[in-house]
Amino acid sequence: MSANLSGQQFGGQDELLERLPARPKLLRELVVVPAGPDAVTFYGTQKPQTLRCPQGLKKLSELLALLDGRHSLDEISQDLASHFSGGVTGLVSLLFRYGLLEDGDAQSGNDEPVGCYAARFCGSSGYHANRDAAIAQADAVRLLVACPQPVRAALCASLGGGTLGTLRVVHSAAEVAGSEHTHALLVLSGGVEDEELLKVADALHASKRPYFIGTLGSDCMHLGPLVLPGLSASHRCARLQLSAPAPLADPLEAEFQCAYIAHEWLQIALGLLTETYLNKVRVHPVDSRGAYPVNKPIARIPGSLFGGLATAACLAPDDPAFAAWVHHVSVRMPPKEWLAPRLFEGHFKMANLKLYGAPVTRSYALGTLTLPAAAELPSHAGGSSVQAACDEPSLAQLAAILLYAVGEQTLEDGSRRRIAPSGGSLRSCSFYVLVNHLAQLASGLYLYDGETDSLIPVKVASLVALRQLLYGTEHAPCPVSLVASSHLGRVRNKYQDFGFNLVHWDAGIACQYATLVASVFGLRVVQPALLQAERCAELLNLNTQEHAQIASSVLHLGGPMSAPANQLLSSSSSTAQELLIGAGHTRACHVGQSLPGWVPPSPEGRDNTLDVASLLLGRRATYRYAEQPISTSCLVRLVVSAHRALVAHQERGGPRLDVWPWLLLMRPDGSMTPGIYDCRKPAPEQWVQRASPLTPAMFAECFNQQGFQKAGAALVFMADLEQSFSQMGRPVYSLLLQQAGGAAVATWLEALAMGLVGCTVGGIIEAGFMRLAGTDGYCETPLFSLVLGHSIEDGAC
Ligand SMILES: Cc1cc2nc3c(=O)[nH]c(=O)nc-3n(C[C@H](O)[C@H](O)[C@H](O)COP(=O)(O)O)c2cc1C
């Protein structure tokens, strides 16, 4: 990463700029060693960092000398800006990213080993501006400790005398009641003493304060979970989901393991870790096999005593749907106070920038077919925007559908971009085109290459089998089908298991775009749930190794076809992987039913007078908002639009799912109050206020980016997972994400038509909803959201 690029990134993002130290100070523990005529290497933090300065070491040392905690960035810039390309912000932001700076605002006088340690590592999580803040956090900790008697002395010694505010050892559950602790640490050993210790843990759970569990063992030790009672998996849930380590007899080994547990917990208490251990146990092998440590995701168990969801029906760990539940909770963001502030910077890492620029479509040796110019989308100005119903798309219409959904377009400024949004801009979705009978294109399978706007013929083992899978018969009932495939491997490079959610939202969005464009051409669209996704991926010859590519959904275009009955569902350590493998289980699902009392809307639920092309081309993720209120009439239209999109999905043949919108309203007009509204029913008189007021700080508790608190409102797509799992089992999770993605983007376009701007947001913090609106994260859980506001540039709605 160059200082120039870093300077551009920090200069262009308020969220990054605001995090730079006000008075940057180079850590005094660092050892700086020249590494050539224009480079130095800094030693002393997590890893050595080399910094190049084309202006030479003399200029660099002038800058480093000013990083003394007394000069502000502006003052340093005044002295030195002209000497550095990318400005002082470029170099300072680079040093900050490397974790070499702290904020010199405070005394920063702590030269004790713990202070020095905190300074060297506090940069990695960004919780603290400097060592003093880290030490102050530790000082506020009132810790309860419980452990087997033989390791008590070793554990307490490892926790460091005087680092924490107070440390109290407890021996029984009775001692926990009424205790004023802020944190607790409990070590289990697999021995007889565990019975009493588990009762202590039960009492800790009842006290509703955080506690951390470590378990000693002779084959492996367990670190975690950290339990936030009522929010995350408890000690009892962990024991039901993981086999316990074998008991440990060696006292020396036990002391060593205690030191490790204490070290890990202290790092959490000092805010030095980005790992939270929420819904997670790190299984660390300690025998001679030399295996790697593995993080095992776990979840609280609905319907169990210590699941914190006592009113829910039991969802046992051996139920296939439990895999979806574990995945869901393990990709949730931690509560704001546990969320490492520097995670956001991850988006701007070189590896992620490269990923963003890397092409997505693989090519085949069979040549390509250039598509004709895409048909123009009928515009409002030209009369009716929706053409009369037709049975078969022309090639130009097919080209337009593909171009808008997953293709790249040249914009007015000459740049090329995919106009449909995708998580992290990684363009995870591609379309395969199965041509059955089209006048201008030979039947067969093609892959649409969105970068060159062409079709690549694809050879597969059996088109008959593919048709059989998609239509239930080898006689195709529609001229053409689109199968959405997702580059899960690509997205997981950056987002790990959360990538599973992103690719399904992206697929829902791409299908929504394709449906919209098809519907303005008057084409029928049928969108059944793709339930045999694994078999489909095989038949498409996707790269299924570690699920690098998956088949996510299907659209049938044209033809006099009615929605087919849904087919029966068919059926590691990564939760995404768990979700993608193994047998699913099927329960009855309702197809194509409208909401009670709901009048089906016009084609695809869309206002016929909207100019679809300019909406699609004009939509951009927007992060700066004016302070203007959003009128209630706009909000009503948006909620109705969200419902319409969900109903339209069912009418295209999708299953009826328990997804509905909530409204988080910060800037109302005079007729509403700020708050959180459950809009399960579209009519505003039936909205239920779940919280009030809603301040920007409260809003910020619900989303991962600070900047969103400047927005006016958010629509959040909620789901009832208990109901969904009981109806359709594990496969429902992907369908929920897709429906939420499709409905969110349809609502976004509607908002745009009303003059609002915004952004779809996957970075939701569940704990904010729980705290503010009393959701349980299961029967009411937020899936996906759309943050909205008025544009800084223009006027009212
Ligand atoms: C599924 C999905 C999830 C997203 N999540 C976030 C998010 O959590 N935070 C954010 O700032 N932007 C989020 N975005 C916005 C994308 O980053 C943005 O759409 C993308 O960079 C493309 O830019 P464009 O929308 O201007 O075309 C998300 C978009 C999608 C489609």
Side-chain angles (χ1 to χ4, degrees), residues 9 12-16 331-333 336 339 343-348 352-353 355-357 360 404-411 413 415-429 450 484 486-488 490-492 494-495 498-513 552-553 615-625 699-700 702-711 714-717 734 736-749 751-752 756-766 768 782-789 791:
Q9 292 176 347
Q13 286 273 346
D14 291 351
E15 191 126 357
L16 293 180
V331 299
R332 302 259 89 176
M333 306 256 165
K336 195 86 177 178
L339 184 70
L343 284 182
F344 181 65
E345 275 165 60
H347 291 289
F348 305 93
N352 289 336
L353 295 180
L355 189 61
Y356 163 80
V360 276
Y404 279 95
V406 283
E408 283 189 2
Q409 303 211 34
T410 306
L411 305 183
D413 64 1
S415 64
R416 275 182 74 75
R417 59 178 275 272
R418 182 182 285 211
I419 58 143
S422 58
S425 246
L426 291 181
R427 294 153 287 154
S428 73
C429 188
S486 300
H487 296 268
L488 179 59
R490 175 182 165 90
V491 178
R492 281 175 73 178
K494 177 174 173 191
Y495 292 102
F498 185 58
F500 180 90
N501 297 40
L502 284 175
V503 301
H504 285 288
W505 288 322
D506 285 354
I509 288 170
C511 288
Q512 185 70 37
Y513 267 49
S552 17
S553 50
L615 277 185
L616 296 180
L617 289 167
R619 184 217 53 82
R620 288 310 307 261
T622 308
Y623 299 90
R624 291 197 165 127
Y625 314 98
F699 195 82
C702 300
F703 300 99
N704 69 337
Q705 275 155 258
Q706 218 45 31
F708 290 136
Q709 59 182 311
K710 294 178 185 146
L715 272 185
V716 180
F717 289 84
S734 323
L736 286 167
L737 297 169
Q738 288 174 22
Q739 277 205 12
V745 84
T747 315
W748 191 356
L749 294 170
L752 209 59
L756 297 173
V757 294
C759 178
T760 42
V761 178
I764 292 173
I765 301 180
E766 173 107 58
L783 278 186
F784 196 43
S785 60
L786 172 66
V787 170
L788 292 168
S791 158

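Every number for a ligand or one of its atoms is a count from 1 in the order of the listing.
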### Query
How does Ile509 reach ligand 1, by side chain, by backbone, by both or by neither, if only non-hydrogen atoms under 4.0 Å count?
side chain

### Query
Which bit of Phe703 is near ligand 1, meaning a heavy atom under 4.0 Å away: side chain, backbone, both or neither?
neither

### Query
What is the nearest protein non-hydrogen atom to atom 21 (O) of ligand 1, stated with its residue, atom name and distance?
Ser425 OG, 3.2 Å

### Message
With a 3.5 Å distance limit and no angle check, can you tell me whether Lys336 reaches the backbone of Ala700 through a side-chain donor-acceptor pair?
### Response
yes

### Message
On a heavy-atom basis, which atom in Gly758 and which in Trp748 lie closest, and how many Å separate them?
### Response
O-CZ2, 3.1 Å

#### Entry: Proximal ligand 1 atoms for Trp505, defined as those under 4.0 Å from one of its heavy atoms
1 (C)

### Query
Which residue supplies the protein heavy atom nearest to atom 27 (O) of ligand 1, what is that atom called, and how far is it?
Arg417 NH2, 2.5 Å

### Query
CG/Leu617 to CD1/Ile419 distance, rounded to the nearest 0.5 angstrom?
5.0 Å

### Query
Out of Pro421, Cys759, Ser422, whose heavy atom is nearest to atom 20 (C) of ligand 1?
Ser422

### Shortest protein heavy-atom distance from atom 10 (C) of ligand 1, along with the residue and atom involved
Gln705 OE1, 3.4 Å

### Task
Assess whether atom CZ of Arg417 is packed by more than 12 heavy atoms of other residues, nucleotides or ligands within 6.0 Å.
yes

## Note on the structure
Among non-hydrogen protein atoms, atom 25 (O) of ligand 1 lies closest to Arg619 NH1, 2.7 Å

### Under 3.5 Å donor-acceptor, Ser785 side chain and Val761 backbone
yes

### Query
Quick one: nearest non-hydrogen protein atom to atom 8 (O) of ligand 1, plus distance?
Gly763 N, 3.0 Å

### Task
Examine Asp506 against ligand 1 and note whether any of their N/O atoms are separated by less than 3.5 Å.
no

### Message
Exactly one of Ser486, Ser734, Ser428 should register a side chain to side chain donor-acceptor pair (under 3.5 Å) with Ser552. Which one does?
### Response
Ser486

### Nearest non-hydrogen protein atom, atom 12 (N) of ligand 1
Tyr623 OH, 3.1 Å

### Message
For atom 4 (C) of ligand 1, what's the nearest protein heavy-atom neighbour? Residue, atom name and distance, please.
### Response
Thr760 O, 3.4 Å

### Query
Sequence neighbours excluded, which residues qualify as ring-ring contact (aromatic ring centres under 6.0 Å, His included) partners of Trp505?
Phe498, Phe784

### atom 5 (N) of ligand 1 [closest protein heavy-atom partner, distance rounded to 0.1 Å]
Gly762 N, 3.0 Å

### Query
Going by the atom numbers of ligand 1, which of them fall below 4.0 Å from some non-hydrogen atom of Leu502?
1 (C), 3 (C)

### Message
Looking at Arg490 and Leu426, would you say the former's side chain and the latter's main chain have a donor-acceptor pair under 3.5 Å?
### Response
yes

### Message
Distance check, rounded to the nearest 0.5 Å: Leu752 atom CG versus Arg619 atom CZ?
### Response
8.5 Å

